[in-house]
Peer 1: 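Here's a structure for you.
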Amino acid sequence: MKPYKLLTPGPLTTTRSVKEEMLLDRCTWDDEYKAITQKIRSQLLNFAGAKPEQYTVVLMQGSGTFAVESVMTSVISGRDKVLILTNGAYGERLVKMAQYIGLNYEEYCVHCDEHPEASAIRACLDADEQITHIAMVHCETTTGILNPLEMVAGIAREYGKTLIVDAMSSFGGIEIDVKALGIDFLISSANKCIQGVPGFGFVIAKLAKLENCAGIARSLSLDLYDQWKGMDKDGKWRFTSPTHAVAAFAKAIDELIDEGGIPSRFARYSRNNRLLRERMGELGIRSYIPTEMQSPIITTFLYPNESFRFEEFYRFVKDRGYVIYPGKLTDADTFRIGNIGEIYEEDIERLCGIVADYLEGEGR
Ligand SMILES: *Cc1c(COP(=O)(O)O)cnc(C)c1O
């Protein structure tokens, strides 16, 4: 296989040094390994601006979706009801989970290029006092729209609702002050903006809420409360832990700190994204989400013309060292380009040069 860089929203391009951490086979029972788990948990807490007196971190095997589902199944009981805000596929996935688990839920859905409105959320909460939880996606990776977390968090605090945030594709790349916002459960995974490899997700949880979750889970392997109780003792995972991915993640955290922490990574991603949208615009390829709602993570682009063929374009770009992402919208022909991971402005310049070559050749 010819090597290429990933311009996708995760798994993403990692550094060689992160990959090299996986060359050692580690023992899950060993104290040194358990110490890695504990260190990761406390570093993630720091990134979230949270203190161990109020918050904890639980790591969960599987892809990001497993971690989201562990929250949905472990913290919302049969007596509760969740309001789910949706404007894309990951919001819809929360709804699907609610259906699988059999949760009481209500969906407030807006179009995928729109933000949910404060007045509408208030109206939902005013109309239905049974609602106890609000669940939302921060960066909706379907389009790259960045949802108004502060607004929703403010309403959740005001109404005293438990807030669940899928911050999968934003945590580590965008500063989120979990404590100040009063987020109760925030979910992300190893292979997004922290720049590790796939294998597990993590949940930053408010202790006062998590402590009440014993016995709620409808799934053994996804029981967040049990996982926390086990892991909190000494860093031992309940079931086989993804040792290679955990070691790589520890290295990725070190590298995030070396880069200057989340503010510096946010700045790099933002520069990448601005340059990408600028250059593509110059080539006549417009982005789908208005600039003021666009995240610095991933961008949805409209096809430049009617004869544009994504598969051919994809192959052309891949042959030249970059892999991009198809679109996920039903009402517009789009494709997506991620700019997170070990990606710099020179990659964006190179990519846009390749796109220019493609469009020139196609016109001939
Ligand atoms: C990547 C992602 C997920 C998790 O996807 P997996 O394929 O299960 O890792 C969930 N929500 C959002 C917003 C994501 O970007």
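Just so you know, these numbers come straight off a predicted model, no measurement behind them. Just so you know, ligand 1 is whichever comes first in the structure, and atom 1 is the first atom listed for that ligand.
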Peer 1: List ligand 1 atoms under 4.0 Å from Thr141, heavy atoms only on the residue side.
Peer 2: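 Taking each heavy atom of Thr141 in turn, ligand 1 has 12 (C), 13 (C), 14 (C), 15 (O) under 4.0 Å.
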Peer 1: Going by the angle between their ring planes, with limits at 30° and 60°, are Phe335 and Phe308 parallel, tilted or perpendicular?
Peer 2: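 Judged by the thresholds at 30° and 60°, the geometry between Phe335 and Phe308 is parallel.
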Peer 1: Starting from atom 3 (C) of ligand 1, which protein heavy atom do you reach first, and at what distance in Å?
Peer 2: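 Protein heavy atom with the smallest distance to atom 3 (C) of ligand 1: Met168 CG, 3.3 Å.
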Peer 1: For Arg93, which part has a heavy atom under 4.0 Å from ligand 1: side chain, backbone, both, or neither?
Peer 2: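 Arg93 to ligand 1: side-chain contact only, backbone stays beyond 4.0 Å.
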Peer 1: May I ask you to decide whether Glu312 forms a salt bridge with Arg315, counting only side-chain N to carboxylate O separations under 4.0 Å?
Peer 2: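 Result for this pair is no, no salt bridge flagged.
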Peer 1: Is the contact between Lys192 and ligand 1 made by the side chain, the backbone, both, or neither, using heavy atoms and a 4.0 Å cut-off?
Peer 2: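 The part of Lys192 near ligand 1 is the side chain, not the backbone.
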Peer 1: Can you name the one residue among Met60, Arg93, Met168 that meets side chain to side chain contact (heavy atoms under 4.5 Å, CB included) with Val68?
Peer 2: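 So, applying the side chain to side chain contact (heavy atoms under 4.5 Å, CB included) to Val68 and each of Met60, Arg93, Met168, only Met168 qualifies.
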Peer 1: Should you measure from each heavy atom of Gly64, which atoms of ligand 1 turn up under 4.0 Å away?
Peer 2: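 Taking each heavy atom of Gly64 in turn, ligand 1 has 4 (C), 6 (P), 8 (O), 9 (O) under 4.0 Å.
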Peer 1: N/O to N/O below 3.5 Å, does that happen between Thr65 and ligand 1?
Peer 2: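 Looking only at distances, the answer is yes, because the N/O contact criterion of under 3.5 Å is met.
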Peer 1: With heavy atoms of Ser169 as the reference, note each atom of ligand 1 found under 4.0 Å away.
Peer 2: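 Per the distance check, 15 (O).
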Peer 1: Heavy-atom count around Glu32 CD within 6.0 Å, excluding the residue itself: above 12?
Peer 2: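 Counting other residues, nucleotides and ligands, CD of Glu32 stays at 12 neighbours or fewer.
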Peer 1: Side chain or backbone of Cys139 under 4.0 Å from ligand 1, or both, or neither, by non-hydrogen atoms?
Peer 2: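 Under 4.0 Å from ligand 1, Cys139 contributes backbone atoms alone.
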Peer 1: Which is closest to atom 7 (O) of ligand 1 by heavy-atom distance: Gly338, Ala190, Ser63?
Peer 2: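 It is Ser63 that holds the nearest heavy atom.
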Peer 1: Is it true that Val137 lies under 4.0 Å from ligand 1, counting heavy atoms only?
Peer 2: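 Checking ligand 1 against Val137, which is what was asked, there is a heavy-atom contact under 4.0 Å.
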Peer 1: Is Glu345 paired with Arg279 through a side-chain N to carboxylate O contact shorter than 4.0 Å?
Peer 2: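 So Arg279 does not pair with Glu345 through a salt bridge.
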Peer 1: Can you classify the ring geometry of Trp228 versus Tyr225 as parallel (below 30°), tilted (30 to 60°) or perpendicular (above 60°)?
Peer 2: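 Because their plane-to-plane angle is over 60°, the rings of Trp228 and Tyr225 count as perpendicular.
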Peer 1: I need the nearest protein heavy-atom contact for atom 11 (N) of ligand 1: residue, atom name and distance, please.
Peer 2: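 The protein heavy atom lying closest is Asp166 OD2, 2.7 Å.
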Peer 1: Parallel, tilted or perpendicular for Phe47 and Phe171, by the 30°/60° rule?
Peer 2: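 Ring orientation of Phe47 relative to Phe171: perpendicular.
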Peer 1: Please determine whether the number of non-hydrogen atoms from other residues, nucleotides or ligands lying under 6.0 Å from atom CZ of Arg309 exceeds 12.
Peer 2: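 Not buried by this count: 12 neighbours or fewer within 6.0 Å.
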